[in-house]
Amino acid sequence: MISAEPLIYILIFIAVLALVQGAYLVIFGKSISMDGKVNRRLDMLEKGGSREQVLEQLRKEMTQHMRSQSIPIYSMLANKAQMANIAFTPMQIILLMFVVSAAAFGMLTILTAVSLPIRILVSVLMGVGGVYVWINSKANKRMAMIGEQLPEAVELMVRSLRVGHPFSNAIAIVAREVPDPLGTEMGMVSDEAAYGRDMGETLKAMAERLDNQDLRFLAVAVNIQQTSGGNLAEILDGLAKVIRARFRLFRRVKAITAEAKWSGNLLSAFPILALIGINVVQPNYFDEVMESPLFIPACFVIAAFLVLNIIVMRSLVNIKV
């Protein structure tokens, strides 16, 4: 007899991810996505919000997660949520974990016959894990898009400076012309500078919040020009070339290590896939072994080796550039 329970667990986890993404889009709408031609800041301004109100709202969203690192459950998500710029508040994310866990518990109760303690444990793991996977994927996607947009944004600044615009106007032009996620970030820099904050300090704060090395280079270049003088257009032109060269190098390294990364992922996932396959084809395969007193300790040892395998495989293909 073939057991469908492992496949049901996978399908429920996929449903959990879809539920989280669906709730996010329903609450915040299409404007929160990163693929729009008009960035979110401009969209909020067009809907009637004043510049000060929009700045306050975006600043609150972009800093709320790091201020909530003291929350026990949330501390492991705060950095990724900050980089992903999740519009949910920390308490809403924790509430979402409970709601998704309850939904997973309901699906496990309807579709499986496992005991109550296991259903509770698995549903909590799915709720917390599903939200973490969702936030992590959005953070990685957002940071990758910022990295791709930054060279073009810097070159747009260079062209603006060369036709006579001051640097604050060059930032404002980038905020208008570049889509999200970088467009809204640069719009906040422009607004904060307009209200009196130092431009170099604002760029440095953005770079630290996003943990982006290329943005740190931009902030340092602006600070050096402010203190020592010089042709900022030429400085930024050189910076744009450096960023593009780094980007090409990252892509080349990624292409070279792609085979090794996929091999590592396959070797890491194979034991789990084999376990699922055995349980699907022969559900009673481990019944006799489970009666042994060494079964539980052996499971912990195997789990430790699997985690160590994933760490080693990732470190082997994590090339520092």
Side-chain angles (χ1 to χ4, degrees), residues 32 34 39-41 54-71 74-90 93 132 135-157 167-168 170-172 174-175 178-228 232 235-236 238-240 242-247 249-250 318 320-321:
I32 201 67
M34 294 181 289
N39 65 55
R40 184 162 178 250
R41 171 178 166 272
V54 171
L55 174 62
E56 185 62 28
Q57 174 66 24
L58 292 174
R59 183 189 291 165
K60 179 181 177 182
E61 291 178 2
M62 292 181 180
T63 59
Q64 61 184 344
H65 302 290
M66 297 308 292
R67 294 199 303 264
S68 303
Q69 285 184 313
S70 59
I71 302 175
Y74 192 74
S75 58
M76 61 181 180
L77 295 172
N79 189 46
K80 287 292 184 181
Q82 185 74 39
M83 295 170 67
N85 191 29
I86 300 298
F88 282 138
T89 65
I93 291 179
Y132 180 82
I135 290 176
N136 186 62
S137 65
K138 290 188 76 67
N140 292 338
K141 178 183 177 182
R142 187 168 186 265
M143 296 311 299
M145 291 182 68
I146 288 177
E148 291 182 7
Q149 291 177 313
L150 188 57
E152 295 181 3
V154 175
E155 289 176 350
L156 181 56
M157 294 178 201
F167 184 64
S168 57
I171 292 288
V174 171
V178 175
D180 274 343
L182 189 59
T184 294
E185 293 284 351
M186 287 297 181
M188 284 188 60
V189 171
S190 176
D191 290 342
E192 289 183 345
Y195 285 111
R197 190 176 184 184
D198 180 72
M199 181 66 73
E201 180 185 341
T202 305
L203 287 170
K204 182 179 179 182
M206 179 181 69
E208 294 301 328
R209 175 163 48 79
L210 296 176
D211 193 21
N212 186 290
Q213 189 62 41
D214 292 331
L215 284 173
R216 291 192 183 99
F217 291 157
L218 175 61
V220 169
V222 173
N223 279 323
I224 291 175
Q225 194 275 336
Q226 286 179 337
T227 55
S228 303
L232 183 58
I235 295 173
L236 294 184
L239 176 61
V242 170
I243 295 175
R244 284 197 181 278
R246 279 167 49 84
F247 190 73
L249 182 59
F250 288 147
N318 186 21
K320 299 295 184 182
V321 179

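Sequential numbering from 1 along the given sequence is applied to the chain's residues. Values reported hereafter were calculated over all heavy atoms of this structure, with side chains retained and with hydrogens, waters and symmetry mates removed.
- Of all the heavy atoms in Pro90 and His65, the pair that sits closest is CG-ND1, 4.2 Å.
- Under 4.0 Å is where a charged nitrogen must lie from a carboxylate oxygen, and between Glu208 and Arg216 at least one such pair does.
- Of the possible polar contacts, one joining the Thr227 side chain to the Ile224 backbone as a donor-acceptor pair under 3.5 Å is found.
- The closest side-chain heavy-atom distance from Met143 to Asp211 is not below 4.5 Å.
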message: Test side chain to side chain contact (heavy atoms under 4.5 Å, CB included) on Leu77 and Ile86; report intermediate values, then the result.
response: CA-CA 11 Å; Leu77 295 172; Ile86 300 298; over 6 Å; no

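- Going from atom CD of Gln213 over to atom CZ of Arg246 covers 6.0 Å, rounded to the nearest 0.5 Å.
- No donor-acceptor pair under 3.5 Å is formed between the side chain of Ser190 and the backbone N or O of Ile171.
- Taking each heavy atom of Ala219 and Gly200 in turn, the nearest pair found is CB-O, 4.3 Å.
- Contact annotation: the side chain of Met186 never approaches that of Val178 to less than 4.5 Å [non-hydrogen atoms, C-beta and beyond].
- Minimum heavy-atom separation, Arg67 to Lys60: NH2-O, 4.4 Å.
- Using a cut-off of 4.0 Å between Lys/Arg side-chain N and Asp/Glu carboxylate O, Asp191 and Arg59 are scored as not salt-bridged.
- Asp198 has its side chain within reach of Asn223: a pair of non-hydrogen atoms, C-beta onward, lies under 4.5 Å apart.
- If you take CG on Asn136 and NZ on Lys141, they are separated by 14.0 Å, rounding to the nearest 0.5 Å.
- From Glu201, atom CD reaches atom CE of Met206 across 13.0 Å, with rounding to the nearest 0.5 Å.
- In this structure, the side chain of Gln149 engages the main chain of Pro179 through a donor-acceptor pair within 3.5 Å.
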message: side chain to side chain contact (heavy atoms under 4.5 Å, CB included) for Leu55 and Tyr195? Distances and angles first, verdict last.
response: CA-CA 10 Å; Leu55 174 62; Tyr195 285 111; 3.8 Å; yes

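- Under the 4.5 Å side-chain criterion, counting only non-hydrogen atoms from C-beta, Glu152 is not in contact with Leu182.
- With rounding to the nearest 0.5 Å, the separation of CD1 in Ile235 from CG in Leu218 is 11.0 Å.
- Rounding to the nearest 0.5 Å places CZ of Phe217 at 8.0 Å from CG of Leu239.
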query: Does the side chain to side chain contact (heavy atoms under 4.5 Å, CB included) test come out yes or no for Tyr132 and Ile135, once each step is laid out?
result: CA-CA 5 Å; Tyr132 180 82; Ile135 290 176; 5.9 Å; no

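- The two residues Gln64 and Phe88 come nearest to each other via the heavy atoms NE2-O, 3.1 Å.
- Minimum heavy-atom separation, Pro151 to Ile243: CG-CG2, 3.5 Å.
- Two residues are said to be in side-chain contact when any heavy atoms from C-beta on lie closer than 4.5 Å; Asn140 and Lys80 meet this criterion.
- Of the possible polar contacts, none joining the Glu192 side chain to the Leu203 backbone as a donor-acceptor pair under 3.5 Å is found.
- By the 4.5 Å heavy-atom criterion applied to side chains, Leu236 and Phe167 are counted as neighbours.
- One distance of note links CZ of Arg40 with CG of Asp180; it measures 8.5 Å at 0.5 Å rounding.
- The backbone N or O of Met83 sits less than 3.5 Å from a side-chain atom of Arg142, completing a donor-acceptor pair.
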